[in-house]
Amino acid sequence: MASDPGKIVTRFAPSPTGELHIGGARTALYAWAFAKRHGGVFQLRFEDTDLARSSDASAQRMLEDLAWLGLMPENFGEGEPPPTQLADIPRQSKRHADGRYDAIVEQLKASGDAYDDGDAVRFRMGDHRGDVTFDDAVYGTVHTPAKDLEDFVIRKGEAGGYMPTFHLAVVVDDHDFGCTHVIRGQEHLSNTAKHAALCDALGWQRPVWAHTPSIMNPGGSKMSKRDKAKAVRNYLKQHPFEVKSGVWGGIALTKDEIEDFLSNKSDGLGQTQGLATEFGIELPEILVADFRKSGYLVEPLLNYVALLGWNPGDDQEKFGLDFMAAHFSLDRINKANSTFDRAKLAAFNQDAILAMPPEEWETKLHDHFRQHHPGFIEKLGDQFGVFAAAYQERSKTLSDPATLGRFFVKAPVEFNAKAVKKNLTKNEGQGLQTLSALKEILPGVEPWDAETIRATLERAWQDLGGPHMGQVAQPLRVALTGTAVSPEIDATLALLGKQETLDRIEKCLQRHEAANSA
RNA sequence: GGCCUUGUGGUGCAACGGCAGCACGCCGCCCUCUCAAGGCGGAGCUUGCGGGUUCGAGUCCCGCCAAGGUCACCA
């Protein structure tokens, strides 16, 4: 636990009351990068003084998310293997059991800096300590007059399990673990005077504090998990919805649970998730796990998030962890809150996808699809590589191919009216005539591969007197996909297979015959 | 409400007190079987508002406005 004097030690100290938030990921990144930049150590610990809301499952998931991000802590020496077991990571409930905080509380009571208040213990502020001033590495000197500082609880009463409060526990932990720099969210800035006062009372050297601005929604509200519940409520408000108990999206909910949810009394995860699945509501990504599931890659995600509040001082925008480790500095952290812009994140992600070697893209896509869209893997079989290649240039995320290419797995039910008119029915049904002609030509294509299909279609549009390939490609697209958009037409047919292609052409022609005679 | 902090094109960020620039997005053109990708070009900021200091202010000072944080036996 002892560390070299002068060595930089940073830490990330989330409370395990949920999953890792994207803002938390940025905080962890900054703390990690600062330690790396100065050859220091990045630590992890869990702040679980709120026993009721903390859980092992949550801590475990956070550890996994950090591992995915590549922000592994070294508790507590450089070069030590990263902790993978929860038991390896310090947490306040455990340290409390060892009596560390109680000892400090007794010490503060003995010195007259703290006193009993009911079954809780308060730390004396106000005139007892006087004004408090500290320097923040981002916000500068922060001065708080004594009259604005009230005594605060450092040990909770019976209801809180006699646990230390967060304020006492952070200060003790940061001291005990030798943290030299405390990098954390701006919401703690106003609390920091309390922490500084505690350090002073205990005769400990204060760490350097650096508070980071918040990440906001486009609307201006703070980006939080509640946004998901909000998205579901908004949807339900705009659509007819009957409040009753039942199974929603595979989750059983009582009428009361739904009512509380709708009236903002609860943001239950089950309700949000169940109702979203039931109605196909797209939830905004808030957690690291959300972005991962949506198919964002680690590097662009970290890159984008790093830029939301920090920049290297010039116009360079694209960089990775190595660059952060070499160039990150606290004095270039922004003071103003920033708005999360999904379009820019998507652009970063797309650039990363475009820059990938095709084999790597295929591997990553396959992994992602195995987890989230197994139907495609089953359907495409050994053609998956062709599918991956077709979508590398068209995807902003790993899940885009599933949306853009869903027709490969499922024949179109709805046909885009505009596409039908433009490519099939216009000019006395010219497109439909083209399809009829293709219906006769395509069965003879052998082998059914992209090159042969292409050669056949080239001949077809010339025989039909068309101006270019679009003559045959567009009617085919509409028949096969229900839209005017797909990858190159030869690849589209090859992936679909001969029988499926012919079936869909036939069905499309029948549809329009029926419509005509009606 | 008290206290603290922050305001630069739609968004994220630059700019020793000295010509307001970059990226994403948006629009147009080229390429092209569609969508992408790629190439070329364009619009958009009197730097939240009003004063002041200065030869000169996005930058320094004062006031106002707006936004965020905090004022818990949550962290």
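In what follows, chains carry the letters A, B, and so on, assigned in the order in which the sequence lines appear, proteins first and then strands, with residues in each chain numbered from 1. FYI, side chains are in, hydrogens and waters are out, and symmetry mates aren't considered; it's all heavy atoms of this structure.
Using the Watson-Crick or G-U wobble rule with both distances under 3.5 Å, B:A23 pairs with B:U11. Base pairing analysis places B:A57 opposite nothing; no Watson-Crick or G-U wobble pair with both distances below 3.5 Å involves it. Look at B:C73: it lacks any Watson-Crick or wobble partner with both distances under 3.5 angstrom. The base-pairing partner of B:G63, taking Watson-Crick or G-U wobble contacts with both distances under 3.5 Å, is B:C49.
Between A:Gln350 and B:A37 there is a side-chain polar atom (N or O) within less than 4.0 angstrom of OP1 or OP2. Neither OP1 nor OP2 of B:U5 sits under 4.0 Å from any side-chain N or O of A:Asn337. For B:C73, the OP1/OP2 oxygens have a side-chain nitrogen or oxygen of A:Arg122 closer than 4.0 Å. At least one side-chain nitrogen or oxygen of A:Lys156 sits closer than 4.0 Å to the OP1 or OP2 atom of B:A75. For the OP1/OP2 pair of B:A75 and a distance below 4.0 Å, the side-chain nitrogens and oxygens of A:Arg91 include no atom meeting the criterion. Side-chain nitrogen and oxygen atoms of A:Thr339 include at least one within less than 4.0 Å of the OP1 or OP2 phosphate oxygen of B:G12. Dashed line: the shortest gap from a side-chain N or O of A:Thr49 to OP1 or OP2 of B:A75 is under 4.0 Å.
When ring centroids are compared, A:His195 and A:Phe166 come within the 6.0 Å threshold.
Distance A:Leu308 CG to B:C24 C1': 12 Å, rounded to the nearest Å. Between the P atom of B:G12 and the CG atom of A:Leu302 lies a distance of 20 Å, rounded to the nearest Å. Atoms CD1 (A:Ile154) and C1' (B:C73) sit 12 Å apart, rounded to a whole Å. Residue A:His195 contributes atom NE2, which lies 10 Å from atom P of B:C71 at whole-angstrom precision. Rounded to whole angstrom, the span from the CD1 atom of A:Ile333 across to the P atom of B:U5 amounts to 18 Å.
The residue among A:Asp119 and A:Gln186 whose nearest nucleotide of RNA chain B is located toward the 5' end is A:Gln186. Map A:Lys147 and A:Ile489 each onto its nearest nucleotide of RNA chain B; the residue landing nearer the 5' end is A:Lys147.
Checked against B:G69, B:C73, B:U11, the side chain of A:Thr165 finds its nearest nucleotide in B:C73. Of all nucleotides listed (B:G12, B:G68, B:C24), B:G12 comes nearest to the side chain of A:Glu317. The listed nucleotides are B:C33, B:A75, B:A14; the one nearest the side chain of A:His468 is B:C33.
The line from CG of A:Leu464 to CD1 of A:Ile441 is 6.5 Å long, rounded to the nearest 0.5 Å.
Under a cutoff of 6.0 Å and an axis angle of 45°, A:Lys335 and A:Tyr139 do not form a cation-pi pair.
When heavy atoms are screened at a 4.0 angstrom cut-off, A:Ser15 is found touching the sugar-phosphate backbone but no base atom.
One side chain, A:Tyr101 or A:Asp173, offers a donor N or O that lies under 3.5 Å from an acceptor on the other.
The gap from the P atom of B:G17 to that of B:G7 amounts to 16 Å, rounded to the nearest Å.
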